[in-house]
Amino acid sequence: MTASATEIQARTLAGYAHASALRQVHDRDWVLDRVTGEPEVLLDLGSGIGQLLHEALGRYPSLRLAVGLERSEHRIAEAAERLRAHGDRVRLHQADLTDPPELPDRADVVTMTSVLHWLYPDEERTLDWISRRLTPDGVFLLTTYHPDRDAHGLGGEDDIVRDALVALGAERGAVPSLFSGGGVLPIATRTRTGADLGALLERFFHVDSYLERDAVVTVENESQYEHFHAATFGDYYARLVEPARRAAFFTAVGESAWRRQHERGRVSEMPVRLWRLAPRR
Ligand SMILES: C[S@@+](CC[C@H](N)C(=O)[O-])C[C@H]1O[C@@H](n2cnc3c(N)ncnc32)[C@H](O)[C@@H]1O
């Protein structure tokens with residue numbers, strides 16, 4: 001059987017430059033606007049296709065090194081292409097943040113946008129590593145998403161996926177056990193609450209301050225959300241359905257989002273925090 005275009009997109013997480021305009025790209029400027037002084041080394045964790053590094057290199061001539069760590073080989077390749085013109089100022093490493101590599105340089109700015117939930121529940125090792133990578137007056141700028149969750153720990157994207165699974169024939173009440181049976185941890189559980197996360201961060205950093213904004217996602221049609229989901233979540237949820245029904249699953253996700261857009265004037269809305277964290281002295 002031939003895979004649909006969306007299935008292929010999900011396997012390679014392709015189309016993120018376009019898809020991220022709906023939500024994640026807003027974090028980039030929000031974070032970089034909080035960088036002060038003349039940074040020399042910036043480390044972006046879960047650097048994706050290199051958008052934040054690209055913007056930082058343009059904004060800060062003082063940067064002698066911009067380093068990206070990213071797990072996906074497809075994303076590293078896209079970032080390398082985007083950042084090629086910056087030559088030796090850029091280093092990209094394919095790495096798993098739950099087992100981070102030793103790096104020679106300390107950073108005066110570390111950024112991590114829309115990534116931490118993917119490390120749940122093993123964030124400690126990464127946070128400890130970051131705290132040791134920062135210069136004494138360095139700063140760690142972190143964005144985290146906080147969707148509402150139900151009694152089963154589902155919320156945010158899980159709700160859109162739940163509607164899609166129901167449209168494909170699942171019983172609504174059975175969806176939480178479909179998630180656990182399929183090894184899919186709800187994203188609203190992965191994201192932790194603000195209070196829970198604050199307590200965790202305090203163990204490794206001094207929490208200087210945080211800002212909060214609402215991330216509102218709106219779309220113009222079903223297909224726009226179908227592609228946003230594939231580029232952002234890849235096969236994470238799609239593996240809940242057998243391979244022959246995956247194309248139908250992605251279509252149903254797009255339709256579920258589009259229904260929300262009609263009913264509520266938006267697909268989703270959730271608070272995002274930007275944490276400003278300093279090393280403990
Ligand atoms: C939603 S994207 C965010 C990308 C970028 N930071 C941005 O704000 O647009 C999450 C990124 O984290 C990466 N990622 C997830 N888990 C990871 C891990 N354990 N180690 C390294 N990268 C990871 C994914 O491959 C993906 O590129």
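When a ligand or atom number is given, it counts from 1 through the structure's own listing order.
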| task | Would you sort out whether L83 and L53 count as a side chain to side chain contact (heavy atoms under 4.5 Å, CB included), showing the intermediate values? | result | CA-CA 8 Å; L83 299 165; L53 293 174; 4.0 Å; yes

Nitrogen or oxygen atoms of [X] and ligand 1 under 3.5 Å apart:
X: L69; answer: no
X: R75; answer: yes
X: G46; answer: yes
X: D44; answer: no
X: S47; answer: no
X: W118; answer: no

Distance to 0.1 Å, residue and atom name: give those for the protein heavy atom nearest to [atom].
atom: atom 20 (N) of ligand 1; answer: L97 N, 2.9 Å
atom: atom 12 (O) of ligand 1; answer: V115 CG2, 3.7 Å
atom: atom 3 (C) of ligand 1; answer: Y16 OH, 3.4 Å
atom: atom 10 (C) of ligand 1; answer: S114 O, 3.5 Å
atom: atom 23 (C) of ligand 1; answer: R71 CB, 3.8 Å
atom: atom 8 (O) of ligand 1; answer: T113 OG1, 2.6 Å

| field | Aromatic ring pairing F205/F140, orientation class (parallel under 30°, perpendicular over 60°, tilted between) | value |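 Ring orientation of F205 relative to F140: tilted.
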
| task | Indicate the ring-plane relationship of Y237 and H229, choosing parallel, tilted or perpendicular according to the 30° and 60° boundaries. | result |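 Aromatic pair Y237/H229 classed tilted.
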
| task | Report yes or no: does a heavy atom of D96 sit under 4.0 Å from some atom of ligand 1? | result |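 Distance cut 4.0 Å: D96 passes for ligand 1.
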
| query | Taking the six-membered ring of W258, is the NZ or CZ of R260 close enough (under 6.0 Å from the centre) and on axis enough (within 45°)? | reply |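 No, R260 does not sit over the ring of W258.
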
| field | Cation-pi check, R273 onto Y210 ring (under 6.0 Å, within 45° of axis) | value |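 Yes - R273 lies over the ring of Y210, closer than 6.0 Å to its centre and within 45° of its axis.
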
| said: Show me which atoms of ligand 1 lie under 4.0 Å from any heavy atom of A95. | reply: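 Atoms satisfying the 4.0 Å criterion: 20 (N), 21 (C).
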
| For L119, the ligand 1 atoms whose distance to one of its heavy atoms is below 4.0 Å |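 Numbered from 1, ligand 1 contributes 18 (C), 19 (N).
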
| query | Can we say R59 and E55 salt-bridge, meaning some charged N sits less than 4.0 Å from an Asp/Glu carboxylate O? | reply |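 A salt bridge links R59 with E55.
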
| message | Using a strict threshold of under 4.0 Å (side-chain N to carboxylate O), is an ion pair present between E202 and R280? | response |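 Result for this pair is yes, salt bridge flagged.
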
| said: Working note: S47 + E70, criterion side chain to side chain donor-acceptor pair (under 3.5 Å); need CA distance, chi angles, decisive distance, verdict. | reply: CA-CA 5 Å; S47 46; E70 165 58 49; 4.8 Å; no

| task | Check for a donor-acceptor pair, side chain of D235 on one end and backbone N or O of R239 on the other, with a separation under 3.5 Å. | result |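 Between the backbone of R239 and the side chain of D235 there is no qualifying donor-acceptor contact (under 3.5 Å).
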
| query | Counting N and O atoms only, with roles assigned by atom type, does the side chain of E242 sit under 3.5 Å from a partner on the main chain of A244, one being a donor and the other an acceptor? | reply |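 Pair absent, no side-chain N/O of E242 close to backbone of A244.
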
| message | Quick test of your reading of the structure: of E73, E70, H74, whose heavy atom lies closest to atom 24 (C) of ligand 1? | response |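 Looking at heavy atoms only, the winner is E70.
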
